[in-house]
Amino acid sequence: QVQLVESGGGLVQPGGSLRLSCAASGFTSDYYVIGWFRQAPGKEREGVSCISSSDGSTYYADSVKGRFTISRDNAKNTVYLQMTTLESEDTAVYYCAADPPGVPVQAMCVKGEFDYWGQGTQVTVSS
């Protein structure tokens, strides 16, 4: 059974940085796509960034381009989301999700139709 465990959320001041981690286990294949999604109160869930384990292709939402970086450590089955220059609008619960590859990473991330989800980690950007 696939399990995803997020960590690294917390309270940070505007302009600060955080690194989220998503530890994955239980995959039956070496190839999968892992994405970071977020949902703020009263807002729809947004695909923030996704990465493919096979070719490393990535996707970033326009709202985070240039500020967030997704990376993976296949040996540790862990995906990271480095978040810098955080803004109050980044406040949300961040979820890690995984799915076997299919359509291009960008399409997967925008649609958000992933089979496996973590429990979420809260990120609060406030002074």
Side-chain angles (χ1 to χ4, degrees):
Q1 182 177 355
V2 174
Q3 288 191 323
L4 304 170
V5 180
E6 304 100 331
S7 60
L11 173 65
V12 63
Q13 292 186 341
S17 300
L18 279 177
R19 188 178 80 158
L20 304 183
S21 299
C22 174
S25 62
F27 287 110
T28 58
S29 169
D30 290 336
Y31 303 109
Y32 51 89
V33 173
I34 284 191
W36 286 99
F37 297 81
R38 67 185 180 186
Q39 189 162 23
K43 293 188 177 181
E44 291 188 357
R45 187 181 66 197
E46 175 187 22
V48 176
S49 182
C50 294
I51 188 167
S52 168
S53 70
S54 57
D55 61 7
S57 57
T58 59
Y59 163 83
Y60 294 95
D62 287 343
S63 57
V64 306
K65 278 182 184 175
R67 300 188 299 121
F68 291 11
T69 303
I70 194 168
S71 62
R72 73 191 195 280
D73 184 334
N74 286 349
K76 294 183 179 180
N77 277 345
T78 300
V79 171
Y80 305 98
L81 185 68
Q82 179 68 50
M83 307 186 294
T84 63
T85 321
L86 284 161
E87 306 166 352
S88 57
E89 291 78 13
D90 297 315
T91 295
V93 178
Y94 284 70
Y95 298 91
C96 171
D99 208 47
V103 298
V105 169
Q106 175 175 340
M108 290 185 71
C109 217
V110 171
K111 287 186 177 181
E113 294 174 347
F114 284 61
D115 285 342
Y116 306 103
W117 292 83
Q119 81 285 354
T121 185
Q122 176 71 45
V123 172
T124 302
V125 184
S126 175
S127 55

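Along the sequence shown, residues are numbered consecutively beginning with 1.
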Under the side chain to side chain donor-acceptor pair (under 3.5 Å) test, which residues partner [X], sequence neighbours left out?
X    : value
Q122 : T124
N74  : R72
S53  : none
S71  : none

Exercise. Return each pair, listed once, that meets side-chain hydrogen bond (donor to acceptor under 3.5 Å, both in side chains) where at least one residue sits in residues 2-26; pairs must be two or more places apart or across chains.
Key: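 Matches after skipping sequence neighbours: E6-Q119.
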*What pairs meet the side-chain hydrogen bond (donor to acceptor under 3.5 Å, both in side chains) rule with one or both residues in residues 98-114, with sequence neighbours excluded?*
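Counting only pairs at least two positions apart or across chains, no side-chain hydrogen bond (donor to acceptor under 3.5 Å, both in side chains) contact touches residues 98-114.
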Using the salt bridge (Lys or Arg N to Asp or Glu O under 4.0 Å) criterion, which residues pair with [X]? Sequence neighbours excluded.
X   : result
K43 : none
E87 : R67
D55 : none

Of all the heavy-atom pairs spanning [X] and [Y], show the shortest one and how long it is.
X   : Y    : answer
P14 : S127 : CD-N, 3.7 Å
A92 : A40  : CB-N, 3.8 Å
A23 : T78  : CA-OG1, 4.0 Å
C50 : G35  : SG-CA, 3.5 Å

**OP:** Check which hydrophobic residues are tied to Y32 through side-chain heavy-atom contacts below 4.5 Å, counting indirect links as well, and list them.
**Re:**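 Direct or chained contacts put Y32 with V2, L4, V12, L18, L20, F27, I34, W36, V48, I51, Y60, V64, F68, I70, V79, L81, M83, L86, Y94, Y116, V123, V125.
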Hydrophobic cluster of V103, others only, ordered by chain and residue number, side-chain cut-off 4.5 Å
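Cluster partners of V103: V33, F37, Y59, V93, Y95, V105, M108, V110, F114, W117.
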**Request:** Could you walk me through whether L11 and S126 pass side chain to side chain contact (heavy atoms under 4.5 Å, CB included), step by step?
**Result:** CA-CA 7 Å; L11 173 65; S126 175; 4.2 Å; yes
Margin query: Going by salt bridge (charged side-chain N to carboxylate O under 4.0 Å, His left out), name the pairs with one or both residues in residues 44-53, residues two or more places apart or in two chains.
Written below: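 Output for this query lists R38-E46.
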